[in-house]
Amino acid sequence: MKSLFLATASLFGFLSVALGAFAAHALQGQLEPRLLEVFQTGVQYMVYHALALGGVAILLHWYADSRLLGIAGWTFMVGVLLFSGSLIALGLSGLNWLGAITPFGGLAFLAAWLLIFSFALKI
């Protein structure tokens, strides 16, 4: 599981850099400022949670049997897909209904952080 989380974290990190560069170079002037900001928020949260997922992968090296860490890793992945994915898609498409998905990703992020908090209290 730790290798899956580390691989996914590195993929999210790669995508956040690539999408951030895309926004800075190709989307400037192509999207209305509000949509560009939405896109960039999605990318920003992707990089933050890529780092968090990488941290989970590293912690699993020492605490391989931790169910809390395993669930936190999966929950971070779901959060990135729902939160960042919906904001990036909204920014590119302008389809406002995608914004209804974003809070579910935010809840996943919150749950993952609480799982890590619970883990920290147990070690």
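With sequence neighbours excluded, the residues forming a side chain to side chain contact (heavy atoms under 4.5 Å, CB included) with Ser93 are Leu95, Leu98, listed by chain and number. In this structure, Glu37 has no side chain to side chain donor-acceptor pair (under 3.5 Å) partners at least two apart in sequence or on a different chain. Thr75 pairs by the side chain to side chain donor-acceptor pair (under 3.5 Å) definition with nothing, not counting sequence neighbours. Here Ser66 pairs with nothing under the side chain to side chain donor-acceptor pair (under 3.5 Å) rule; sequence neighbours left out.
Grouping Ile, Leu, Val, Met, Phe, Trp and Tyr by side-chain contacts under 4.5 Å, direct or through others, puts Leu110 with Leu107. Cluster partners of Phe117, by chain and number: Leu121. The rule joins Ile, Leu, Val, Met, Phe, Trp and Tyr whenever side-chain heavy atoms lie under 4.5 Å apart. In the hydrophobic clustering (ILVMFWY side chains linked at under 4.5 Å, chained through shared members), Val17 stands by itself.
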Show the atom names and distances, to 0.1 Å, of all donor-acceptor pairs under 3.5 Å that link a side chain in residues 51-64 to residues at least two apart or in another chain.
from  : atom 1 : to   : atom 2 : distance (Å)
His61 : ND1    : Lys2 : NZ     : 3.2

Walk me through whether Leu19 and Gln40 qualify under side chain to side chain contact (heavy atoms under 4.5 Å, CB included).
CA-CA 8 Å; Leu19 290 169; Gln40 290 171 326; over 6 Å; no

Does Leu90 form a side chain to side chain contact (heavy atoms under 4.5 Å, CB included) with Asn96? I'd like the steps, not just the answer.
CA-CA 6 Å; Leu90 171 59; Asn96 288 325; 3.8 Å; yes

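The list of ring pair (Phe, Tyr, Trp, His ring centres under 6.0 Å) pairs with a residue in residues 12-42, not counting sequence neighbours, is empty. Screening residues 76-103 for ring pair (Phe, Tyr, Trp, His ring centres under 6.0 Å), with sequence neighbours left out, gives Tyr45-Phe83, His49-Phe76, Phe76-Trp113, Phe83-Phe109. Applying the salt bridge (charged side-chain N to carboxylate O under 4.0 Å, His left out) test to pairs two or more places apart or on separate chains, those with a residue in residues 11-35 are Glu32-Arg34. The side-chain hydrogen bond (donor to acceptor under 3.5 Å, both in side chains) contacts involving residues 79-92 comprise Ser86-Thr102, where partners must be two or more places apart or lie in separate chains.
Atom-to-atom distance recorded for Leu4:CG and Leu11:CG is 10.5 Å, nearest 0.5 angstrom.
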